[in-house]
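Structure record follows, encoded as structure tokens.
We're numbering straight along the sequence, starting at 1.
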Amino acid sequence: AKEKMGIARKGVPLLVGTGAQPWVKGVDCLLEGRDFTFGNAKYQGLNQSLTTQSKPISESSYSLALAATELLVPQVNLETVSKAALAATWPARCDLFQENPISIMDGAHNPAACIWLSDALTQRYPGQKFHILLGIRQDKDVEGIVQALSSIALRFTAVEDQGGFLMRAPDLSNRIRSVSDIETASMDRTMIEILKEESSPILVTGSLYLCGELIESLGFTSSLRQLD
């Protein structure tokens, strides 16, 4: 995303996939291209290990990581790197935090990420619909996000964060209703209370800030400290 290019620093190599190229052009840096796709014969065998996993992983990001590792450490064993990548976990990235009912959080906050998330959950849970707890920043593409998630939505509940960073829930629910005829409500209790009372599968998404608050409320802060 455009705002992520803020991490670019002069003299520091930056490895990006093709999807980031439009944003890279707006930065004062030299862009060198390379094929990071699974079309590269070196990655075809690793692709099979990726697609057989129950945990969805973005193929483009996965292949980018493998190619970057090979570029920076030529002697590396890609099969070992592949196994490590498949064993890794990231908080709030297709994160199953409760099994009964199925409850997943994902920080997807743009249409492209939500399309990937919808496809990934459809692959993992064929035919399953989710009660989607959705919280979004004012400057995001609300309509695009809702449309991307509609295929897996049982119903939407617009939620807001305690810090006031996201849209007010009533405003968001109105935006959702403007583009979807799926049942939509505005939160009338905390997310934790909703989770305790809900029997349908749940997906919390739309913002990493929202997922961060949920992680803290659930007492999973230790996993965040390990990332510091």
Side-chain angles (χ1 to χ4, degrees), residues 1 3-4 54-58 61 88-122 124-125 128-142 144-146 148-150 152-176 180 182-228:
E3 57 266 25
K4 291 185 174 64
S54 61
K55 178 177 63 177
I57 300 175
S58 169
S61 298
T89 59
W90 298 268
R93 291 299 187 186
C94 220
D95 189 351
L96 177 66
F97 64 92
Q98 180 174 273
E99 294 187 355
N100 187 23
I102 296 168
S103 300
I104 293 171
M105 71 174 87
D106 191 287
H109 50 269
N110 58 56
C114 290
I115 289 172
W116 176 86
L117 175 60
S118 179
D119 290 345
L121 292 180
T122 298
R124 188 194 285 189
Y125 306 105
Q128 186 65 70
K129 300 286 187 178
F130 294 83
H131 176 190
I132 299 180
L133 307 185
L134 190 63
I136 305 177
R137 277 180 53 178
Q138 180 71 40
D139 61 346
K140 298 300 181 181
D141 182 357
V142 175
I145 289 172
V146 171
L149 294 172
S150 290
I152 59 169
L154 176 65
R155 60 184 178 277
F156 287 103
T157 294
V159 299
E160 57 190 62
D161 61 323
Q162 297 176 2
F165 186 74
L166 306 178
M167 291 179 63
R168 294 290 307 279
D171 297 334
L172 177 56
S173 62
N174 289 335
R175 294 278 294 275
I176 296 173
S180 174
I182 297 173
E183 179 186 347
T184 300
S186 179
M187 67 184 301
D188 56 2
R189 54 200 189 283
T190 68
M191 278 198 299
I192 294 298
E193 291 172 332
I194 294 174
L195 290 171
K196 288 180 178 179
E197 298 170 8
E198 182 58 79
S199 58
S200 301
I202 286 179
L203 171 62
V204 180
T205 191
S207 167
L208 283 168
Y209 292 92
L210 183 70
C211 293
E213 283 198 353
L214 178 57
I215 287 172
E216 185 175 3
S217 298
L218 292 171
F220 295 162
T221 52
S222 59
S223 62
L224 296 181
R225 291 196 200 100
Q226 293 172 10
L227 297 178
D228 290 342

Check whether any side-chain N or O of Ser118 sits under 3.5 Å from a backbone N or O of Cys114 as a donor-acceptor pair, and report yes or no.
no

Side-chain heavy-atom pair Leu195, Leu214 within 4.5 angstrom cut-off:
yes

Got a second to check how far Ile102's CD1 is from Leu96's CG, nearest 0.5 Å?
7.5 Å

Can you tell me if CZ on Arg155 sees more than 12 non-hydrogen neighbours from other groups inside 6.0 Å?
yes

Closest heavy-atom contact between Met187 and Val159?
SD-CA, 3.4 Å

Flag the pair Thr205 / Met105 as yes when at least one side-chain heavy-atom distance between them is below 4.5 Å, and no otherwise.
no

Do Phe130 and Leu149 come within less than 4.5 Å of each other through their side chains, counting heavy atoms only?
no

In the structure I gave you, are the side-chain heavy atoms of Leu218 and Ile192 within less than 4.5 Å of one another anywhere?
yes

Is Phe97 atom CZ crowded by more than 12 heavy atoms from other residues, nucleotides or ligands, each under 6.0 Å away?
yes

Greater than 12 external heavy atoms within 6.0 Å of Glu197's CD:
yes

For a 4.5 angstrom cut-off between non-hydrogen side-chain atoms, does Ile182 reach Lys129?
no

Report the C-alpha distance between Phe156 and Leu172 in whole Å, list the side-chain angles of each, state the deciding distance to 0.1 Å, and finish with yes or no for side chain to side chain contact (heavy atoms under 4.5 Å, CB included).
CA-CA 10 Å; Phe156 287 103; Leu172 177 56; over 6 Å; no

Rounded to the nearest 0.5 Å, the CD1 atom of Ile132 sits from the CD1 atom of Ile152 at a distance of 4.5 Å

Any idea which heavy atoms bring Pro91 and Ile215 closest together, and the distance?
CB-CD1, 4.0 Å

Is the shortest heavy-atom distance from the side chain of Asp171 to the side chain of Gln138 under 4.5 Å?
no

Got a donor-acceptor contact below 3.5 angstrom from the Glu213 side chain to the Gln162 backbone?
yes

Check the pair Leu121, Asp106 against side chain to side chain contact (heavy atoms under 4.5 Å, CB included), reporting the backbone distance first and the verdict last.
CA-CA 11 Å; Leu121 292 180; Asp106 191 287; over 6 Å; no

CD1 of Ile145 to OG of Ser150: how many Å apart, nearest 0.5 Å?
11.5 Å

Before you tell me yes or no, could you show the steps for Lys140 and Ser207 under side chain to side chain contact (heavy atoms under 4.5 Å, CB included), namely the whole-Å CA-CA distance, both residues' side-chain angles and the distance that decides it to 0.1 Å?
CA-CA 10 Å; Lys140 298 300 181 181; Ser207 167; over 6 Å; no

Taking all heavy atoms of Pro170 and all of Ser186, pick out the closest pair and write down the distance.
N-OG, 3.4 Å

I need the minimum non-hydrogen distance between Ala92 and Asp95, along with the two atoms involved.
N-OD2, 3.1 Å

Could you state the interatomic distance from CZ (Arg124) to SG (Cys94), rounded to the nearest 0.5 Å?
4.5 Å

Under a 3.5 Å distance rule, please check whether Glu160 uses its side chain to pair with a backbone N or O of Leu166 as donor and acceptor.
no

Holding to ring-ring contact (aromatic ring centres under 6.0 Å, His included), I want the full list of residues that pass it with Tyr125, two or more places apart in sequence or in another chain.
none

Taking all non-hydrogen atoms of both residues into account, name the closest pair between Ile202 and Ile194 and its distance.
CD1-O, 4.5 Å

Is there a side-chain contact between His131 and Pro101 (heavy atoms, below 4.5 Å)?
no

Over all heavy atoms of both residues, which pair between Arg137 and Met167 is shortest? Give the atoms and the distance, please.
C-CG, 3.8 Å

Keeping Thr184 on the side-chain end and Ser173 on the backbone end, is there a donor-acceptor pair under 3.5 Å?
no

Using a 4.5 Å cut-off on heavy atoms from C-beta on, say whether the side chain of Arg175 contacts that of Leu134.
no

